[in-house]
Visitor: 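Pasting a structure below so you can have a look.
Whatever order the structure lists them in is the order used to number ligands and atoms, beginning at 1. Just the heavy atoms: all of them, side chains too, but no hydrogens, waters or symmetry mates, feed the values below.
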Amino acid sequence: MFSPQTYQHRRDTLQMKVGSGLILLLGNTENPINFEHNTYPFRQDSTFLYYFGIKAANIAAVIDIDNQRTIIFGDELNMDQIVWMGRQETLKEKCDQSGVQTSMPFSALQPFLHSASKAGQQIHYLPPYQSFNKIVISDLLGIAIKNINPSPSLIKAVVSQRSIKEQQELEEIEAALKVSVDMHLLAMKFTKPGMMERDIANAIQHHAANHGSPLAYPPIVTVHGEILHNSYKLNILKQGDMLLNDSGAETALGYAADLTRTFPVGANFTTQQRELYDVVLHSFYAARELLSPEITFKEVHLSACERLVEGLIALGLMKGDPKEAVRQHAHTLFFQCGLGHMMGLDVHDMEDLGEQYVGYTEEEPKDTRTFGLKSLRLGKKLAPGFVLTVEPGIYIIPELIDRWQAENKLSDFINYDKLRTYRNFGGIRIEDNFVITESGYRQLGPELIKTAHEIENFRKDYVS
Ligand code: GLY
Ligand code: MN
Ligand code: MN
């Protein structure tokens, strides 16, 4: 955990931002896999971690702004639980580390909130995403689940704080990146034709586990990089394939890393692969150089799209004016998603609080309808302290091409004939993590080889 003063200071700031009422923050629960006592690995809620740092399940916190008190509600282990699970740090000890003086049994929370409500206090809470916590809120507040009504002022206050990373948070993210860079180098050493995708996924997971790190998200390790969130890992790797590895570790305090590299299963890219790789890399560099507090991430995204289109025109896959092609969203045949997202305690930081609040402003809300832009999680002006990913890609999705071609869609910009020779190409993504500074950006974590030349040079020692 960070120091008790860190959590205290964050809570003080939150109280000032919200102003009045009572803030209710729920920890996460243990979720059963197939019966109650066989559970998924426990992960504490990130906002709870941010303000309290306490990892126990089934606890809640109240920050009573009006009466200047903070209380953790939860239960100490009973003797049966100690018999089965051993002695653990007590809730009281955890509260001390978090700088919280008062704890009460969980059963006291409902009457506490009832009295607060009767006294006219507003109860602020965040959008619950675990089903169990929807039930908990419904029970605690005596409202139907469909009437759960999270507090916009609390969401905005939390987003404004969590978006600006403290130095000690940046150090955590860099620690996650150190493990993650080694995971990626291991994958580039280990991968050989004849292996299965899962062999590489298992190896990197093993490396992270040996460093005390869970993975920050299910890794994407696939020869079908065009499938954006591909979880299938049973394909056999063949000479001539590319492997897309999107994986990152999480630190013990919960901070994530999110890296992607795409490399040949053999020692070298084919000419076709290398040409498109360089298009993506060029777009990556161009986007990176734009990162600064002077620009919106939507502008960076659109600029990266334009660079992709220029490269695709040079290869004869697209045609026309790049600016106009992007304005008409023609690039989305190749790049269907967004350029990046905030990162921190969550790999998609604060996604549970809503993209409109995290990535956009009321003046410039998210475009939730346009193919491509509706998947851009971050669009607003950047600010010093934001941590984000930059992850351009090219994804050749045969079904999407067939659909567009059948409609003759945007044929002024797409060279469908040439595209036929790329039908089984797959996908390429390059992803690194950055912090926005006063003057621009700083890349986080150790540099991980990225150019096609660097990758081929590295691979030649491990695969023929
Ligand atoms: N790892 C998921 C993503 O890059 O957004
Ligand atoms: Mn990402
Ligand atoms: Mn990723």
Visitor: Do His341 and Asp258 have side-chain atoms, one donor and one acceptor, less than 3.5 Å apart?
Guide: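 Short answer, yes.
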
Visitor: Have Asp346 and Ser46 got a donor and an acceptor in their side chains that come within less than 3.5 Å?
Guide: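 Side-chain D/A pair, Asp346 to Ser46: present.
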
Visitor: Counting only heavy atoms not in Glu36, do more than 12 sit closer than 6.0 Å to its CD atom?
Guide: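 No.
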
Visitor: Near His348, which atoms of ligand 1 are under 4.0 Å from a heavy atom of that residue?
Guide: 2 (C), 3 (C), 5 (O)

Visitor: Ignoring hydrogens and geometry beyond distance, is a side-chain donor-acceptor pair present between Glu364 and Thr361 at under 3.5 Å?
Guide: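 Short answer, no.
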
Visitor: Before accepting this row, confirm whether a basic side-chain N of the pair Lys192/Asp199 lies closer than 4.0 Å to the acidic partner's carboxylate O.
Guide: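 Salt bridge between Lys192 and Asp199, a charged N being under 4.0 Å from a carboxylate O: no.
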
Visitor: Purely on distance, is any nitrogen or oxygen of Arg429 under 3.5 Å from one on ligand 1?
Guide: no

Visitor: Which residues and atoms, protein N, O or S only, are under 2.8 Å from the Mn ion (ligand 2)?
Guide: Asp258 OD2, His341 NE2, Glu391 OE2, Glu431 OE2

Visitor: For atom 4 (O) of ligand 1, what's the nearest protein heavy atom and its distance?
Guide: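 Answer, as residue, atom name and distance: Glu391 OE1, 2.9 Å.
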
Visitor: Quick check on the 6.0 Å ring-centre criterion: do Phe269 and Tyr277 meet it?
Guide: yes

Visitor: Between the side chains of Glu362 and Lys156, is the shortest nitrogen-to-carboxylate-oxygen separation below 4.0 Å, so that they form an ion pair?
Guide: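 Salt bridge: yes.
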
Visitor: For ligand 1, which atoms sit closer than 4.0 Å to a heavy atom of His341?
Guide: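 Once the distances to His341 are compared, the set is 3 (C), 4 (O), 5 (O).
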
Visitor: Please identify which atoms of ligand 1 are closer than 4.0 Å to at least one heavy atom of Asp246.
Guide: 1 (N), 2 (C), 3 (C), 4 (O)

Visitor: Using a cut-off of 6.0 Å, state whether more than 12 heavy atoms not belonging to Glu438 lie near its atom CD.
Guide: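 Not more than 12 within 6.0 Å, no.
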
Visitor: Using a strict 4.0 Å threshold on nitrogen-to-oxygen distance, state whether Arg327 and Asp321 make a salt bridge.
Guide: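 Here Arg327 does not pair with Asp321 in a salt bridge, since their nearest N and O are not under 4.0 Å apart.
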
Visitor: Based purely on interatomic distance, does His229 place a nitrogen or oxygen under 3.5 Å from a nitrogen or oxygen of ligand 1?
Guide: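 There is no such contact.
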
Visitor: Could you tell me whether ligand 1 has any atom less than 4.0 Å away from a heavy atom of Val347?
Guide: no

Visitor: Given the side-chain rings of Phe434 and Tyr441, with only the six-membered ring counted for Trp, is the space between their centroids under 6.0 Å?
Guide: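 So the answer is yes for these two rings.
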
Visitor: Any idea which atoms of ligand 1 are less than 4.0 Å away from a heavy-atom of Glu431?
Guide: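 Answer for ligand 1: 4 (O).
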
